Each structure stands twice: as structure tokens, then as C-alpha cells.
Visitor: 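Input: one structure, supplied below.
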Amino acid sequence: MTDATFPSDAARIATADLPRNPAQRALALNREMDAVWSNDRGLWGQITSVSHTTLGLRFMATAFVFFAIGGILSMLIRAQLATPDGAFLDTELYNQIFTMHGSIMMFLFAIPMLEGLAIWLLPKILGTRDMAFPRLTALGYWCYLFGGLIMLTALLFGVAPRDGWFMYTPLSSATYSPGINADVWLLGVTFVEISAVAAAVEITVTILRQRAPGMKLTEMPLFAWYMLGTSVMMLVGFPPLIAGSVLLELERAFGWPFFDPERGGDPLLWQHLFWLFGHPEVYIIFLPAAGAMSTIIPILCRTRILGYGAIVAAILGLVFLSFGLWVHHMFTVGIPHMALAFFSAASVLVAVPTAVQVFAWIGTMWKGRPELHLPMYHILGFFLTFVMGGLTGVMLAIVPFNWQAHDTAFVTAHLHYVLIGGFVFPMMAAITYWMPLITGRTRVRGLGEAAFWIILIGFHGTFFIMHLTGLMGMPRRIDVYPDNPEWIWLNLTSSIFGFAMTIGFAMFALDMLLQMTLGMRARRDPWRATTLDWAMPLPAPNFNFASQPTARHLDRPADEVMLALARGEGVLPGAPRGRREFLVTSVGAARPDHVALLPGNTALPFVLSGSIGVFVLLMLAGLYALAGAALIPVAVLIWVWARGLAPRGALDGIEVAPGLTLTVHHHARQSLGQSGLMALLVANGALFASVLFGLAFLSVVTQGPPAPLAMMDTTRALWTMVVVAGALLLGMGAVRGEAPIWALTGLLANSVALIALLAGLLPVLDDPTAHARDALRAVMAGYVGLHVLVACGMAAFVLDQHRRSEIDKLARGAWPHWRLWQDFTTVTTLVTIIALIAQQGAA
Amino acid sequence: MKWLGAMLAGPTLWAVVFVVVYAAHGIICADGLSPSGTSQTARITLMGLWCLGLLAFWPLFRAVPQGVGLRAQLPRAGLWIGLVATVFTLFPVVITSSCQL
């Protein structure tokens with residue numbers, strides 16, 4: 001450590017002047033990197049891989065398989081609707097199929113696809129070697145796969161969800177949806193969402209802390225801006241759905257009546273929570289696609305993007321405004337005029353930042369020299385389709401029209417124009433653009449163009465017609481229409497074109513397959529790009545760069561940069577210490593801060609996600625006591641996971657460039673782990689806010705039957721909460737001590753809070769099945785209890801680190817992480833106490 | 001981080017004002033203060049909150065860095081986004097009935 005330069009010293013070093021490392025033999029350097037960064041061999045290597053390149057591609061490949069399955073389901077729907085008395089499917093099966101079609105396309109295709117693209121591309125385009133938390137990437141993938149398989153298995157056994165992809169209550173309540181169908185959706189989707197939250201955390205941290213030295217925020221590639229907006233939206237947008245799913249599962253499993261109007265609940269609460277996620281979700285899907293477009297268009301037009309700043313401002317506007325639109329999905333449920341007007345205005349306004357981007361892309365094409373390669377076909381398909389979808393979106397934002405078109409095939413047509421136009425076409429452009437980097441091969445000419453035209457014609461033939469079907473009054477989700485002969489030819493036409501579109505997608509898949517297997521070897525940087533993603537060998541290795549790029553390598557022809565980096569002239573060349581390392585930089589100006597040491601290949605993410613899967617399956621089987629017990633191995637594995645971060649080997653400073661020595665992350669003042677935990681707490685805060693919203697909604701807006709007289713001993717409950725709050729405040733003080741005695745004090749304080757909750761509050765809570773008020777109190781007590789339990793675990797972990805002498809004056813171990821958690825737990829507990837007192841007062 | 005905070009200030013203020021006005025509207029309608037949407041107290045309350053929100057942009061505009069270049073322009077753009085969104089999405093407090101279904 002003696003020769004290490006502290007980050008503050010490093011910060012003074014002008015990143016533009018980072019000296020060059022001496023050139024080495026590129027082949028030898030490549031071999032050295034490969035020995036450290038490559039996956040293990042065989043099937044075991046696939047299970048233990050934590051590489052962003054492997055996992056990003058696997059995310060995308062798996063998502064494409066789910067897309068194919070969802071597509072087959074859509075063909076079954078079109079076959080059923082081709083004739084008015086379709087006997088192809090019975091109503092029960094039809095309901096399962098359209099529910100699974102929507103759920104698969106949203107949760108198992110679109111989101112994982114964007115995650116996969118981000119995980120695969122971001123480190124490459126930002127000039128780093130991996131995502132911030134490689135094991136978390138792997139955990140996310142396995143949770144996604146296992147959750148998706150649970151949902152697919154349910155479909156095979158005829159117990160798939162059947163209540164629509166939005167699972168409205170009371171249809172999805174235990175009364176109207178007995179059996180495990182709805183549980184499959186609630187538990188399966190929540191399981192899959194672990195991957196979304198995990199991806200959001202690491203995307204945020206990777207963009208903010210791992211850009212190449214000198215790549216300022218205001219100069220980073222637009223794809224990174226788009227993904228930063230997306231990841232923040234995911235952190236804030238997914239928790240309301242997780243909260244809603246947990247509440248609905250609690251209602252179904254244990255009878256806690258959050259959505260039951262006869263016991264103080266309200267079905268509209270589900271709609272609010274679902275659409276608080278559901279509408280931002282549209283932009284969560286659109287923004288990465290737009291990021292790909294903003295990257296590809298200028299390169300294929302041989303120019304620079306027009307209006308970089310305007311696009312960043314548009315992203316900023318979209319990220320925020322998209323959270324103010326959710327009620328436009330609920331215009332017909334009986335909402336006062338003024339609230340309708342708020343959300344109608346916001347829904348119209350959001351078209352402005354969208355239009356800014358579309359005009360910027362058109363302007364870029366106008367000023368450049370567009371080259372009509374295959375990705376450009378899909379980009380043009382995007383323009384045609386998405387703009388039409390956007391215009392029908394503005395129509396639906398207008399309340400009187402919305403009332404007329406609500407729940408008709410018009411809305412189905414609109415959403416497919418937006419999602420296929422705004423996501424699928426750009427993704428096809430992205431895949432065809434980056435395929436040479438993925439496979440190292442060129443494509444077989446002709447097939448891709450034919451696939452594009454068939455998809456485009458098939459799509460518009462299917463869904464343009466569906467606008468008319470909807471305007472003629474055909475509702476969504478019906479399986480027969482014997483009394484409406486005027487819809488027959490429209491539906492038949494949609495079905496015929498739908499099958500054509502499917503053939504087009506099959507041809508697209510075949511084109512990719514042929515490129516992977518039979519394509520000629522691609523030349524380096526085939527598009528003559530200036531972004532760092534092409535400044536590496538084809539196909540891209542796991543480590544991306546033998547030495548990491550610096551300011552002098554930015555915005556230059558990629559093939560020139562590649563040679564310099566391959567010879568080790570960038571920073572942190574090779575892997576001379578035999579471990580995976582990358583540079584961590586500061587948030588704004590991307591100054592070198594420290595070197596992160598990464599974990600190697602491990603099966604831990606696979607085992608941990610399997611353990612969570614056991615919990616989900618036991619919940620589905622209704623074995624709740626066993627499900628609770630299944631959380632013990634999950635907790636043990638999380639402990640093992642954290643232990644895996646313990647320092648091993650020499651922690652001396654590392655000379656990343658001549659004259660610049662940086663500390664390793666164990667000695668860093670602000671590690672990636674702390675940044676990641678902050679991002680996770682943003683999501684956790686959104687979850688807490690969602691529950692608070694539920695509390696406020698049911699207490700203020702819902703006009704249900706009054707709650708029965710509280711039997712709870714309020715004096716005892718109040719004193720218990722005072723003890724809990726006092727203990728947590730003591731814990732907050734202790735966590736600032738950073739000495740073994742204070743770790744012990746913190747552990748004791750949190751233990752007292754936990755015991756007070758279990759022994760003082762739990763016995764006096766009213767029966768949560770009696771009324772939504774009592775159910776919400778139980779949920780909030782559970783939320784606080786869980787957080788205090790985790791705080792106990794973190795205190796114990798820090799004590800263990802002291803026992804093992806892993807903490808000293810330079811290495812703070814898990815103290816900073818515990819401090820963040822302890823502060824969050826204390827603040828949310830205090831807010832909970834105030835909210836519950838206010839709820840009692842209002843009652 | 002400070003610069004990111006400055007860029008987010010405008011839209012964040014819009015989000016806060018939007019939530020506060022929507023919540024106040026919910027409370028007013030739930031409590032029956034203005035069931036027909038004609039109560040002057042209800043309208044003045046909502047308009048007052050809206051105007052307070054608009055006024056809150058003033059110190060932010062004075063605080064953001066001046067100058068040219070993206071680093072100075074983006075925080076200002078953020079403020080304009082927030083201000084326009086606050087004006088446009090909440091102007092119904094002036095013209096629409098409060099609680100009528």
C-alpha cells in the first residue's frame with residue numbers, strides 16, 4: 001500500500017495526459033488475458049461463466065427463444081380468430097394462451113432482450129472489461145431462465161395464467177381464479193424481475209463508474225445515456241409491480257384483503273400499482289432500442305448525430321414524464337375530470353421528447369450519406385411503424401376518444417405498433433449491425449432483406465387492419481364473435497398477414513443461423529465506426545480490451561485504436577497478476593479512481609438462483625412453512641457470496657500507466673459495491689413508497705366498509721415502536737464508530753429492535769385477514785422486520801471481518817455498506833411509524 | 001454527482017408538484033369538500049399548490065450554472081422541461097371541475 005496513489009491524488013492527474021504504456025507483443029498479451037478471463041470448458045463452463053459477453057449473448061438468445069414461443073402462441077390466437085366460431089381452442093385454453101403471449105413478450109422477451117444487449121454492449125462501448133458485478137449478471141440470467149421455465153411448464157400442464165397479462169383483480173383473486181394459474185404469474189414474474197432489478201443496478205453503476213478515463217458524462221456515447229435512463233426507470237418502475245404482486249399473492253395465499261372491496265380493499269389499487277410499472281415499461285423497452293438507433297444511424301450515414309444535447313434532454317424528459325401517465329390506462333374506471341385532465345395532458349406532452357428524437361434521427365440522415373445496409377432497412381421500418389403507433393398513442397391520450405376505443409382491438413393494434421415498431425425493428429437493426437462482432441462472420445446476402453420485407457408487409461397487414469376492427473367495436477380478448485359478421489374479413493385478413501409475418505421472423509432467425517455457421521470471416525470494424533465497441537478483435541473476447549482505452553482513443557477510427565490497445569498501450573495492460581481487473585473512474589469527468597478486482601468463474605449464482613427457485617416452487621405448491629424454511633439456504637448462500645469478496649493475495653497499489661499507481665477496491669473510498677447498494681436502495685425506496693401509496697389510497701380514497709374496532713393494544717404497540725426506533729437510532733450511531741466494539745453494539749441494537757418487533761408488536765397486531773387496514777399494518781411491520789433482520793446480518797458480517805483481521809486502517813470491509821443499510825432501515829422505520837399513527841388518526 | 005443533481009432538479013420538482021397536487025385533489029374529493037367540483041376552497045387550494053410549485057422554479061433557475069456548452073445547457077434544459085411539464089400537466093386546476101365523474 002505504501003506505493004499506492006490515493007484517489008484524490010489520481011484525480012489531480014489530467015486524464016487526457018495519461019501516459020502510454022510501452023507496446024508489447026499483441027498475441028502474447030491476448031493469450032495472457034485469455035488465460036485469466038475465459039470461461040471454464042464444457043457444460044460446467046457454461047454454468048460457472050460470469051462473463052458479460054457470454055451472459056449478454058445468452059440473455060439475448062434465450063429471449064429470442066421466448067419470442068419464438070410467444071410468436072407461436074400469437075399464431076394460435078390468430079388461427080382461432082380467423083373465423084367467427086373458431087373451434088380451434090376452447091375458451092379456457094384461449095385465455096391461457098393470450099395471457100401467456102402478452103406475459104412472455106413483455107417479461108420473457110422484451111426486458112431480457114434489452115438487458116442482454118446492455119450487458120453485452122455497455123462494457124464494450126464504454127471501454128471497460130466487464131459489468132460492475134459479474135456474479136450478479138449470472139444470478140440475473142439464471143433467475144430469468146428458471147422463472148421463465150416455471151411459466152412455460154405451467155402452460156404445458158394447462159395451469160398457465162389466464163387473467164390477461166395485467167392480472168386485474170378481482171378476476172385474478174382466489175374467488176374468481178382458483179388453482180395456481182394466477183400464482184404462476186405472480187411468483188414467476190416476480191422471480192424473473194430479480195434479473196431486471198439486478199441488471200438495473202449494474203447498468204447504472206457500470207455507466208457511472210466504469211467509463212474509459214476521460215470519457216466525460218457529457219461526451220459518452222448516446223447508447224449509454226439511453227441505458228442510464230432505462231436503468232433508473234427500472235429501479236423506480238419495477239418495485240410497484242413487485243409490491244402489487246406480493247400483496248396479491250398474500251391475498252390469494254393467506255386471505256389478506258388488499259384488493260377485496262368487502263373487507264376494505266380496492267381492485268383499483270392493483271390497477272394503480274400495475275400501471276405505475278406498466279406505462280414506464282413501454283419507455284423502458286423503447287429507450288434501449290432508441291439508444292441502438294442513435295448509435296447505428298450516424299455510422300451508417302457517415303456523419304455525426306445531430307442534436308446530441310437535445311437528445312439527452314429528451315431522454316431526461318421521457319424518463320420523468322413516463323411516470324406521470326399511468327392513469328391513462330384507467331380512464332374508464334370512474335376518475336374525476338380533473339385527474340383525467342392531468343394524465344391526458346401528460347400523455348400528450350410525452351410525445352414532444354419522443355418527436356425530438358425522431359427529428360434528430362431524420363436530421364442526421366438528411367445531413368449524412370445514408371448507406372442502405374440491412375440494419376438501415378430495419379431502421380426505416382422503425383420510422384414507418386413507430387411514428388404511426390405514436391400518433392394513435394396521442395389519439396388514445398385524448399379522453400373522449402379513449403372512452404370509445406377502450407378495450408377494443410384498436411388498442412391491441414396501437415400497442416403492437418409501438419412495441420414492434422419501437423422495439424422489435426430497432427432490435428433487428430441492432431442484431432444485424434453487431435452480428436459481425438458477435439460471430440466474427442459476415443452474413444449471407446439476400447435472405448435478410450427478404451425477411452425484412454415479409455415482416456414489414458405482414459406486420460402492417462395484420463395490425464393496420466386491426467385498427468379498423470377495433471373501430472368497428474370488436475373487444476380484445478374474445479375467442480368467438482358469431483353475432484358480428486362484419487368483423488369476419490378483417491380478422492381473416494389479419495390472420496393471413498400474421499402468418500406471413502411469422503414466416504418473415506423465421507427467415508430472420510435462419511439468416512442469423514446461417515451467418516453464425518456459414519458466414520465468411522468478417523473484416524475488422526466493417527462499418528468504419530468510431531465507437532470503442534469495434535476496437536477489439538472479432539468475435540469479441542470476454543475481456544474486450546487487452547489494455548483499456550483512455551481519452552486519446554475516443555472518437556477515432558476503431559481499427560486504428562484496436563491495434564494500440566491490443567499492444568497494451570492503453571491503461572492496465574494484460575493480466576500480469578493472474579486476476580481479473582478493470583479500472584474504476586469518477587462519475588463526472590471519468591478520472592481514474594481505483595482498480596476493481598473481479599471474482600472468477602463460479603457456480604454460486606446458479607446455486608443461489610436454484611435456491612430461490614425452490615422457494616418459489618414451494619410457494620406455488622402451497623407449502624408455505626417449507627417455503628419459509630427454504631429461505632435459510634438462500635440466506636446462507638448470500639453470506640457465502642459476500643465472503644467471496646474477501647481480500648485475497650497482495651493488495652498493493654497497481655501501476656496502471658507509467659507514473660500512475662492506483663489502489664485496489666478494498667482500499668477505495670467509494671467502491672463499486674457502495675454505488676451498487678445505493679442503486680439498490682433507490683429500488684427499495686420505490687418499493688417502500690409503493691406500499692405507502694397503497695396505505696394512503698386505501699385510507700383516503702377507498703370508500704369501503706369501515707374497519708372493525710381495533711383490538712390492538714395501541715399503547716403496547718406504540719411503546720414497542722418507540723423501542724424499535726430507539727434501538728435503530730443507536731445502531732445508526734454505532735455504525736459510524738467503525739471499531740469492533742461498535743460493531744457489537746450495532747448487532748445488539750438491531751437484535752433488540754428485532755426482538756421488540758417479534759415479541760412486542762407481532763402478538764398485538766389485529767387479524768390481517770379481517771380488513772385491509774390490518775393487512776397493511778402487518779405488511780409494513782414485516783417490511784421493517786425484514787430490514788432489521790438484514791441489518792443484524794450485516795453487523796454480524798462486519799464483526800466476522802474484524803475477527804478475521806480483514807479490516808484495518810485502509811480496508812473498511814463492509815462498514816460502508818452496513819452504514820447505508822442501517823440509515824435506510826432507520827429512516828423507513830420512522831416513516832412507517834408516522835404513517836401508521838396517521839392512519840390510526842384518520843380512522 | 002452534483003451536476004447530475006442539477007440536471008435532475010427541474011423534472012424532479014415537476015414530479016413532486018404533480019404528486020402533491022394529485023394527492024391533494026384525491027384528499028379533497030375523498031373528503032367530500034368539493035363533490036360537485038364547484039367549491040372555491042378546493043380550487044383555490046389546488047391552484048395555490050400549483051402556483052407554489054411554479055414559484056419554486058425561480059430559485060432553481062438562478063442557481064443553475066450559466067454559460068455555454070453542454071455542461072451548462074443540460075441543467076437549464078432540465079429546468080425548462082420541469083417548468084413546461086408543470087404548467088402543461090397541471091393547468092387543468094384552473095379550468096376543470098375538481099371531483100365530478
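Lettering follows sequence order; numbering is per chain, from 1. When reading the values below, keep in mind they use all heavy atoms of this one structure, side chains included, and skip hydrogens, waters and symmetry mates. As the structure is a computational prediction, the values presented were derived from the model and not from experiment.
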Visitor: Side chain, backbone, both or neither: which part of A:Tyr308 has a non-hydrogen atom closer than 4.5 Å to chain B?
Guide: side chain
Visitor: Is it the side chain or the backbone of B:Ala77 that comes within 4.5 Å of chain A heavy atoms, both, or neither?
Guide: side chain
Visitor: Between the side chain of A:Asn402 and the main-chain N/O of A:Leu396, is any donor-acceptor distance below 3.5 Å?
Guide: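 Between the backbone of A:Leu396 and the side chain of A:Asn402 there is a qualifying donor-acceptor contact (under 3.5 Å).
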Visitor: Quick check on A:Leu340 against chain B: is it the side chain, the backbone, both or neither that has a heavy atom closer than 4.5 Å?
Guide: neither
Visitor: Heavy-atom distances under 4.5 Å only: say whether A:Val327 touches chain B with side chain, backbone, both or neither.
Guide: side chain
Visitor: Please determine, among A:Ala339, A:Ala310, A:Gly588, A:Gly334, the option with the most heavy-atom pairs under 4.5 Å with chain B.
Guide: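 So the answer, after comparing A:Ala339, A:Ala310, A:Gly588, A:Gly334, is A:Ala339.
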Visitor: Determine yes or no for a side-chain-to-main-chain donor-acceptor pair under 3.5 angstrom, with A:Gln674 supplying the side chain and A:Ser671 the backbone.
Guide: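 Confirmed, A:Gln674 side chain pairs with A:Ser671 backbone.
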Visitor: Taking side chain as everything from C-beta outward and backbone as N, CA, C, O, which of these in B:Val93 sits under 4.5 Å from a heavy atom of chain A? Side chain, backbone, both or neither.
Guide: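 Contact with chain A: backbone and side chain both.
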Visitor: Could you give me the CA-CA distance, side-chain angles and deciding distance for B:Trp3 and A:Thr218, then say whether side chain to side chain donor-acceptor pair (under 3.5 Å) is met?
Guide: CA-CA 10 Å; B:Trp3 178 79; A:Thr218 48; over 6 Å; no
Visitor: Is chain B contacted by the side chain of A:Leu321, its backbone, both, or neither, given a heavy-atom distance below 4.5 Å?
Guide: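 Contact with chain B: backbone and side chain both.
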Visitor: Keeping B:Gln73 on the side-chain end and B:Arg71 on the backbone end, is there a donor-acceptor pair under 3.5 Å?
Guide: no
Visitor: Let me know if B:Trp14 has heavy atoms under 4.5 Å from chain A in its side chain, its backbone, both or neither.
Guide: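 B:Trp14 touches chain A through side-chain heavy atoms alone.
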Visitor: Take atom CZ in B:Phe88; do more than 12 heavy atoms of anything else shown fall under 6.0 Å from it?
Guide: yes
Visitor: Ignoring hydrogens and angles, tell me if any N or O in the side chain of A:Trp403 forms a donor-acceptor pair with the backbone of A:Phe331 under 3.5 Å.
Guide: yes
Visitor: Using atom types as modelled and distance alone, determine if a side-chain donor or acceptor of A:Thr585 lies under 3.5 Å from a backbone N or O of A:Arg591.
Guide: no
Visitor: Given that the side chain runs from C-beta out, which part of B:Ile95 has a heavy atom under 4.5 Å from chain A: side chain, backbone, both or neither?
Guide: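 When you check distances to chain A, no heavy atom of B:Ile95 falls under 4.5 Å.
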